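These notes are about the structure you will find just below.
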Amino acid sequence: MISASALDDLRDRNPVPAIAGRWVVLRRGTKAGRMVGPCPICSPDPASRTAARFECEADKWVCAVCQDGGDVIRLVERREGLDFRSAVAWLGGAQEVDPADEARRARDLAEKKARQEAQAANFRERERRKMYRLWSDGQRLAGSPAEAYLARRGLTAPPTASLRFHPRVPYFVSRPKAGGGTQWQPVHEGPAMLAAIVGPEGRFAGVHITWLDLDAPKGKLELTDPETGEVLPAKKVRGSMGGGRIELLRGASAPCLIIGEGIETVLSVYAALVALGRPLDGIAMWSAVSLGNLAGPTARDCRVRHPTAKDRAGRAVRIPGAVPDPEGKAVTIPDHVTDLRLLGDGDSDPFATGLAMERAAARHARPGRRVSIAWPEPGRDFNSMLVA
Ligand SMILES: [Zn+2]
């Protein structure tokens with residue numbers, strides 16, 4: 001039996017970036033103390049300078065492609081195909097520590113953690129206020145280029161939608177600083193559609209931004225990073241989205257809630273209901289901003305073998321399964337909702353999306369609430385169906 005403090009000591013002696021750095025080239029991430037790069041387990045190119053699937057800090061790692069993560073022991077287990085004891089031995093073995101040293105270290109660690117949490121909370125609140133100012137400076141959607149952007153996709157927004165237009169929204173990317181850490185650098189400023197994100201307590205939490213270029217084929221900005229040549233996404237969230245939502249059709253205590261991942265998906269279903277002349281009384285419609293925020297995280301040890309995706313070593317990739325972790329964050333569905341309709345999005349990996357939607361349905365299930373999942377036709381999304 002290895003004591004918990006001996007394992008902590010082993011982890012302290014083997015910071016994740018140092019161990020992962022034996023296999024792949026990591027670079028500084030956007031957050032202080034965080035490193036990003038190719039994944040030691042699944043990346044085809046360990047020397048890639050642009051890969052960002054793997055992120056780690058001293059005591060933890062996560063890979064967006066493996067959809068796995070944990071401490072340094074877990075990393076060695078996965079990378080070297082070892083069991084727990086062999087991974088501990090691989091890292092130099094556990095050594096029992098002096099209880100006085102251990103107590104001192106636990107105290108130092110707790111103090112450091114409290115300082116970091118206070119700093120992070122401070123940063124989040126400053127960002128929230130900044131985003132609230134941006135949102136407050138926004139203009140009415142009606143008659144704006146954001147309305148024209150939606151119209152191009154056959155969409156109109158309900159009058160109560162939390163959507164606005166802003167003529168000048170800066171776009172920042174993070175760059176490594178000479179002396180370590182990162183800094184934000186503006187690479188663009190221009191018109192954008194803003195969507196207010198409301199947090200679980202009903203308070204303004206952040207903004208979802210879609211940069212526009214009505215001369216581009218899809219009406220969205222096509223932006224490449226002038227330094228790296230990387231294609232940048234036209235959409236970004238600033239502030240917090242965890243547990244939050246974008247309210248598109250507001251119904252104060254509507255028993256029926258229709259909710260999907262993206263704004264365009266939900267507005268497509270709204271447009272279809274309007275076109276069919278369906279009454280909208282008793283219906284609210286929200287975007288959950290992301291699939292992760294709609295479905296929430298997976299229960300520990302509920303990972304499912306992907307039928308086709310393989311990692312670097314040719315092993316099947318394991319992805320989050322259908323069993324929810326009720327402690328994790330996801331959009332909060334009000335208790336008065338008795339008819340919850342989840343909108344699936346057909347355009348990404350159908351297997352992973354299917355599991356995520358099942359997880360969402362399980363997570364949001366309550367006695368007395370009917371939960372259903374609506375899917376677009378295979379290979380399409382609700383917007384392409386609407387346009388067709
Ligand atoms: Zn990976």
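Just so you know, ligand 1 is whichever comes first in the structure, and atom 1 is the first atom listed for that ligand. Owing to the predicted nature of the structure, the values given are computational and were not obtained by experimental measurement.
A salt bridge is absent between Arg105 and Asp108; no separation between the charged side-chain nitrogens and carboxylate oxygens falls under 4.0 Å. Salt bridge Glu125/Arg129: present, at least one basic N to carboxylate O contact under 4.0 Å.
By the rule that hydrophobic residues join a cluster once side-chain heavy atoms approach within less than 4.5 Å of another member, Val331 and Leu342 end up as members of one cluster.
Screening Arg366, Arg369, Arg370 for a salt bridge (charged side-chain N to carboxylate O under 4.0 Å, His left out) involving Asp339 leaves a single residue, Arg370. Of the options Ile259, Ile246, Val266, Leu257, a side chain to side chain contact (heavy atoms under 4.5 Å, CB included) to Met285 is made by Val266 and by none of the others.
Under the rule for a side chain to side chain contact (heavy atoms under 4.5 Å, CB included), Leu109 has no partner lying at least two apart in sequence or in another chain.
Around the Zn ion (ligand 1), the protein atoms of type N, O or S found under 2.8 Å away are Cys39 SG, Cys42 SG, Cys63 SG, Cys66 SG, listed by chain and number.
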